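Okay, structure first, notes after.
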Amino acid sequence: MPFWDEIPTPVEALTGSLRDYRDLRGADLLRRVEHFFRWQDLRRQHHLWPYSRATEEAPKAVCAAQEDTGESFAGVNFGSQDYLSLASHPAIKEAAKTAIDEYGVHSAGSAAFIGNTRYSLALERSIADFLGMEHAVLYPTGWAAGFGAIKGLVRPDDHVVMDGLCHSCLQEGAFAATRNVHLHGHLNIASARRHLARIRGRDAENAILVVTESLFSMDSDTPDIAALQDLCREFKATLLVDCAHDLGNLGEDGRGHIGLQRMIGVVDIVMGSFSKTFGSNGGFVATNSPAVREYLKYYSAPQTFSNALSPVQAAIVLKAFEIVASAEGRALRAELMNNVNDLRGKLQAAGFEVIGDPSAIVPVMMCEEGLARLVASRLPELGVVANLVEYPAVAKGSARFRFQVMAKHSKANVDDVVERLHTAYEAAQLAYQRYSRLIARPGIIGAIGR
Ligand SMILES: Cc1ncc(COP(=O)(O)O)c(C=O)c1O
C-alpha cells in the first residue's frame, strides 16, 4: 500500500516555503537555522522533500535513484540534465580514460598558476571558435563563471541591469559587485530601455552591464538578444548573455538562441556552463577582447583563486564540443527536439499547463506548493524521477515540475512520464481538496491523503 494511503500528512508540511527561513535573527549562528531544519525534516518524514536525491547509476533515461531519506526508487528519468545524452557516450568515456592515463585525475592548481592542461587550452580555443569569439576563459563551474564574470568586471559605482528572472549566479554576482542592481521585467525590452535611459540620464561616468539568459532555465523562454545588444550600444552599456541551457543542444548547428538570432560573435560577453549538454562540471566566459580575457584571469576570484578544471573534465568537454559540432550532434539535437515536442504535446493533451517555448526544459505548472508537493510525493512510487521547483528557484505560488529532456529518451519514456504524472496529479488533487478545507480552519493539523 502506498505511504500516502496510510500516513496522515500534517498541514505544516504542505505549507510554508524556504522563503520563510531566509531571514535569520539571533546571536547564535548555529541554533538560529534549526527552525528551518524542523520544517524541512517534517516534509522529509512525510515524503514531501523531493530534493537532495542521488542517482544509483549513470543519469540515463531510465535510472535508479535514492531519496534524501535513503530509500531507493527507479523509473523514467526526466530530472537529470544531460540534454544530448553525452554523459554516457562511449567516445566521451574513452576521452576521459585517455586523459586519466595521460595526466592522472587532477589539475592540481589554479589556472592562474599551473592548473591549465593541454586539454583546457584546447578547450578554450574550441569554445571561442564555436561561438565566433576571439577568446574564452574556463571556470570550475557554470555558477562560478556567471558570478565571477560580473563580480570581476563590475565595480561599486557601476550599474547592472538584469532580467528579473536571471539565474542565481548572475544575481549573486551583481549584488556582490554593486548596490546599483536594476531588475527589469522578464523579457521586457521596453523595461530594460527605461532603466538604461534613467541611469544614463544621471550617470555618464560609470559602466552599465546588461545581463540576460539566452534560454531561461525555469520558464524556457528567450529574450530578443539583438534588441538588447542594440540598447547597449545606444546607452554605452555592455551585454552579457548566459547560454547555459541552450548552447550545444538547440538550433540546427547547436549554437542556441545566440545562433538562431544571428548574434554569433556579436554579443559583448557570452558565458555558459558545461553541466547541461557537455557532460561535465565547468563553465566559461567568451569575449572578443584580449584585455577582458586577461583581466578576468586575475581579477575574477573563482578563476584566479579556485582550482582549474581537471584534465578529465576538460577532455570530456573538448570531446563533447567535437560531437556537438558533428553530424552526430545534429542528429542528437533532432532526436532531442522530437522528444521535446512529443512531451509538450502529450502533456498539453493530458490537460497540463506547459509554459515557454520548445527546448530541453519543459516546465509543467502546478502553481500551489501544497498540491505540487503531493504530486511530487507520488512520483517515485509510480516510477518517475522528476524535479519539483519551488521558491527560491521560482516565485512563491508558481511551483512547477521542470522536466529535462534527453536525446536518448524513448517514445515509451515520454508516454510513461505523462501517464504517471496524470495518475499522481489526480490522486494528489483529491487529497489536496481535503487539505484546502483544513487550512480554511487554521490551527488544525489534518490527516489528509487518506
Ligand atoms: C542559467 C544558468 N546559469 C548558470 C548555471 C550554473 O551552471 P553549473 O550548474 O554548471 O554551475 C545554471 C545551472 O543551474 C543555470 O541554469
Side-chain angles (χ1 to χ4, degrees), residues 81-84 86-87 111 120 122-150 152-153 162-163 166-173 209-218 220 222-223 225 228-229 238-251 253-261 263-288 292-293 296 300 302-303 308-309 313-314 316-325 329 333 359-361 404:
Q81 37 195 27
D82 183 23
Y83 300 147
L84 291 188
L86 293 183
S120 68
L123 177 57
E124 286 180 341
R125 202 51 271 140
S126 262
I127 294 168
D129 290 347
F130 191 74
L131 282 167
M133 310 279 282
E134 296 293 328
H135 310 282
V137 183
L138 302 180
Y139 283 77
T141 68
W143 200 97
F147 180 91
I150 298 177
L153 294 171
M162 58 164 51
D163 191 293
C166 273
H167 187 258
S168 136
C169 65
L170 306 170
Q171 299 222 20
E172 297 268 347
L209 182 66
V210 175
V211 181
T212 195
E213 297 179 17
S214 49
L215 178 70
F216 278 84
S217 61
M218 297 296 159
S220 190
T222 298
I225 299 167
L228 285 172
Q229 186 65 70
T238 300
L239 181 64
L240 182 151
V241 178
D242 177 344
C243 61
H245 283 277
D246 57 341
L247 190 73
N249 69 69
L250 196 99
D253 61 6
R255 284 170 175 80
H257 283 284
I258 293 180
L260 290 171
Q261 294 190 26
M263 293 298 286
I264 286 295
V266 180
V267 174
D268 293 322
I269 301 174
V270 177
M271 65 123 310
S273 154
F274 306 138
S275 62
K276 331 291 176 194
T277 301
F278 299 91
S280 170
N281 284 11
F284 70 88
V285 175
T287 166
N288 283 325
V292 169
R293 179 199 63 193
L296 287 176
S300 177
Q303 231 294 311
L309 278 189
Q313 291 172 315
I316 287 169
V317 182
L318 191 60
K319 178 54 84 177
F321 265 96
E322 199 182 305
I323 296 173
V324 158
R333 283 187 289 279
S359 82
I361 297 163
Q404 290 179 289

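All values derive from a computational prediction rather than experimental measurement.
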Worksheet item: Heavy atoms, side chains only, cut-off 4.5 Å: are Ile225 and Val267 in contact?
Response: yes
Worksheet item: Just by distance, do the side chain of Gln303 and the backbone of Leu138 share a donor-acceptor pair under 3.5 Å?
Response: yes
Discussion item. Would you compute the distance between atom OG of Ser120 and atom CG of Leu309 and round it to the nearest 0.5 angstrom?
Written reply: 7.0 Å
Discussion item. Test your reading of the model: is there a side-chain donor-acceptor pair from Asn281 to the backbone of Pro140, 3.5 Å cut-off?
Written reply: no
Practice prompt. With sequence neighbours left out, write down each residue that passes side-chain hydrogen bond (donor to acceptor under 3.5 Å, both in side chains) with Ser280, or none if nothing qualifies.
Written response: none
Worksheet item: CE/Met271 to CG/Leu131 distance, rounded to the nearest 0.5 angstrom?
Response: 11.5 Å
Worksheet entry | Residues forming a side-chain hydrogen bond (donor to acceptor under 3.5 Å, both in side chains) with Asp268, sequence neighbours excluded | Gln229
Worksheet item: Would a distance-only check, ignoring hydrogens and angles, find a side-chain to backbone donor-acceptor pair under 3.5 Å from Glu172 to Phe147?
Response: no
Item to complete: Kindly compute the distance separating OG1 (Thr222) from NE2 (His257), expressed to the nearest 0.5 Å.
Response: 3.0 Å
Discussion item. What verdict does the side chain to side chain contact (heavy atoms under 4.5 Å, CB included) test give for Ile361 and Phe216, after you've listed the backbone C-alpha separation in whole Å, the side-chain angles of each residue and the deciding distance to 0.1 Å?
Written reply: CA-CA 9 Å; Ile361 297 163; Phe216 278 84; over 6 Å; no
Worksheet entry | Test side-chain hydrogen bond (donor to acceptor under 3.5 Å, both in side chains) applied to Gln404 - qualifying residues, sequence neighbours left out | Gln81, Tyr83
Worksheet, complete the sentence: Leu86 and Ala320 have their tightest heavy-atom pair at CD1-CB, 3.9 Å
Discussion item. Strictly distance-based, threshold 3.5 Å: is any side-chain N or O of Asn249 a donor or acceptor partner for the main-chain N or O of Thr277?
Written reply: no
Worksheet item: What residues form a salt bridge (Lys or Arg N to Asp or Glu O under 4.0 Å) with Arg333, not counting sequence neighbours?
Response: none
Worksheet entry | Those residues that, when tested against Lys319, pass salt bridge (Lys or Arg N to Asp or Glu O under 4.0 Å) (two or more places apart) | Glu322
Practice prompt. Check each of Leu228, Val270, Thr212, Ile150 against Leu240 using the side-chain contact (heavy atoms from CB on, under 4.5 Å) test, and report the only one that passes.
Written response: Ile150
Discussion item. Between Arg255 (side chain only) and Phe130 (backbone N and O only), is there a donor and an acceptor less than 3.5 Å apart?
Written reply: yes
Worksheet entry | Ser275: side-chain hydrogen bond (donor to acceptor under 3.5 Å, both in side chains) partners, not counting sequence neighbours | Ser273
